[in-house]
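Read the structure below first, then the notes.
Note: hydrogens, waters and symmetry copies are ignored here, and every other heavy atom, side chains too, is used.
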Amino acid sequence: VGRRRVALPSYLASAASLGDVELACGALTETHAASLAATGTPATDRIVWLVNVVALNVAGRYEEAEPWLDKAPPADGIVRRELEFAEQRARCLLGLRPDTDGLVAAEVFLAGLRDAPEGTVGCAWRLRAAIAIGSRLAELVPSSPVTKEAWDLAGHALIVRVAEIDACMR
């Protein structure tokens with residue numbers, strides 16, 4: 001209350017999710033300027049981290065994304081943030097070292113996704129995240145038990161989502 005919020009330009013998120021690193025960095029600079037004007041502080045560390053890591057990972061520039069992994073801001077106990085950071089770590093390390101560090105990072109992410117308390121992560125987000133990591137694992141290490149775990153989680157999330165939709169329609 002009493003603080004103005006600075007809305008992220010939609011093209012910031014779009015540029016990051018499309019892997020347009022230069023556009024995402026330019027949009028982030030504008031977001032910093034808007035935040036400074038509105039609140040006197042730059043954009044949060046979480047926004048900076050996510051934009052850089054997401055854009056670099058989507059662009060396949062994993063070597064550039066890896067140094068950002070250890071700069072992840074504190075999640076303040078928020079499960080969704082912890083999972084966002086773990087997902088980006090897994091995506092990056094799967095791109096660099098899929099049979100070792102990537103597999104471990106994916107396993108950690110999937111365990112967090114599986115064990116997230118009810119109501120902390122939406123079913124649609126669980127489904128998207130499990131499919132994204134499962135697809136990547138299927139490309140890189142198809143015979144791994146971690147790959148099977150990803151698809152099991154995706155299947156469970158899909159069943160739950162269909163049940164939610166059915167309940168809404170009734």
remark   = To the nearest 0.5 Å, atom CZ of Arg46 lies from atom CD1 of Ile78 at 7.5 Å
ask   = Does Tyr62 have any ring-ring contact (aromatic ring centres under 6.0 Å, His included) partners at least two apart in sequence or in another chain, and if so, which?
value = none
query = Distance from Cys92 atom SG to Asp101 atom CG, nearest 0.5 Å?
reply = 10.0 Å
task = Nearest 0.5 Å please: distance from the CD atom of Glu82 over to the CG atom of Asp76.
result = 9.0 Å
request  = Could you tell me the separation between the CD atom of Glu64 and the CG atom of Leu56, rounded to the nearest 0.5 Å?
outcome  = 5.5 Å
message = Surrounding NZ of Lys148 (heavy atoms of other residues, nucleotides or ligands, distance under 6.0 Å), is the total greater than 12?
response = no
inquiry  = Looking at His156, I want to see if its NE2 is surrounded by more than 12 non-hydrogen atoms of other residues, nucleotides or ligands under 6.0 Å.
reply    = no
inquiry  = Between Phe85 and Val53, is there shared hydrophobic-cluster membership here, with clusters defined by ILVMFWY side-chain heavy atoms closer than 4.5 Å?
reply    = yes
task = Grab the two heavy atoms, one from Ala116 and one from Val121, that are nearest each other, plus how far apart they are.
result = CB-CG2, 4.0 Å
query = What are the two closest non-hydrogen atoms of Leu137 and Ala150, and how far apart are they?
reply = CD1-CB, 4.1 Å
request  = Determine, using the 4.5 Å side-chain heavy-atom cutoff (strictly less than), whether Ile47 and Val54 are members of one ILVMFWY cluster.
outcome  = yes
inquiry  = Checking the side chain of Arg126 only, and the main-chain atoms of Leu113 only, is there a donor and an acceptor separated by less than 3.5 Å?
reply    = yes
Non-hydrogen atoms of Phe109 and Leu83 that approach each other most closely = CE1-O, 3.4 Å
query = Side chain of Trp68, backbone of Trp49: donor and acceptor closer than 3.5 Å?
reply = no
request  = Working to the nearest 0.5 Å, report the span between CG of Leu153 and CD of Glu149.
outcome  = 4.5 Å
task = Flag yes if Ile131 and Ile133 sit in one hydrophobic cluster, no otherwise; membership is Ile, Leu, Val, Met, Phe, Trp, Tyr, and two members link when side-chain heavy atoms are under 4.5 Å apart.
result = no
Side-chain heavy-atom pair Val141, Val146 within 4.5 angstrom cut-off = no
query = Could Arg128 and Trp125 be counted as a cation-pi pair, given that NZ or CZ must be under 6.0 Å from the ring centre and within 45° of the axis?
reply = yes
task = Please report the closest heavy-atom contact between Cys123 and Ala157, naming both atoms and the distance.
result = SG-O, 3.1 Å
request  = Without swapping roles, check the side chain of Ser35 against the backbone of Thr31 for a donor-acceptor pair under 3.5 Å.
outcome  = no
remark   = What one should report as the nearest heavy-atom pair of Leu103 and Leu94 is N-CD2, 4.1 Å
query = Between the side chain of Asn52 and the main-chain N/O of Val48, is any donor-acceptor distance below 3.5 Å?
reply = yes
task = Mind listing the closest non-hydrogen atom pair of Thr147 and Gly134 along with its distance?
result = CG2-O, 4.3 Å
task = Determine, stepwise, if the pair Arg80 / Thr120 fulfils side-chain contact (heavy atoms from CB on, under 4.5 Å).
result = CA-CA 6 Å; Arg80 171 73 181 259; Thr120 58; over 6 Å; no
key: The single option from Arg89, Glu66, Arg91, Gln88 passing side chain to side chain donor-acceptor pair (under 3.5 Å) against Asn57   = Gln88
query = Salt-bridged, Arg136 to Glu87, with N to O below 4.0 Å?
reply = no
task = Using a strict 4.0 Å threshold on nitrogen-to-oxygen distance, state whether Arg81 and Glu84 make a salt bridge.
result = no
note = Taken in chain and number order and not counting sequence neighbours, the residues that satisfy side chain to side chain contact (heavy atoms under 4.5 Å, CB included) with Glu22 are Asp20, Arg61
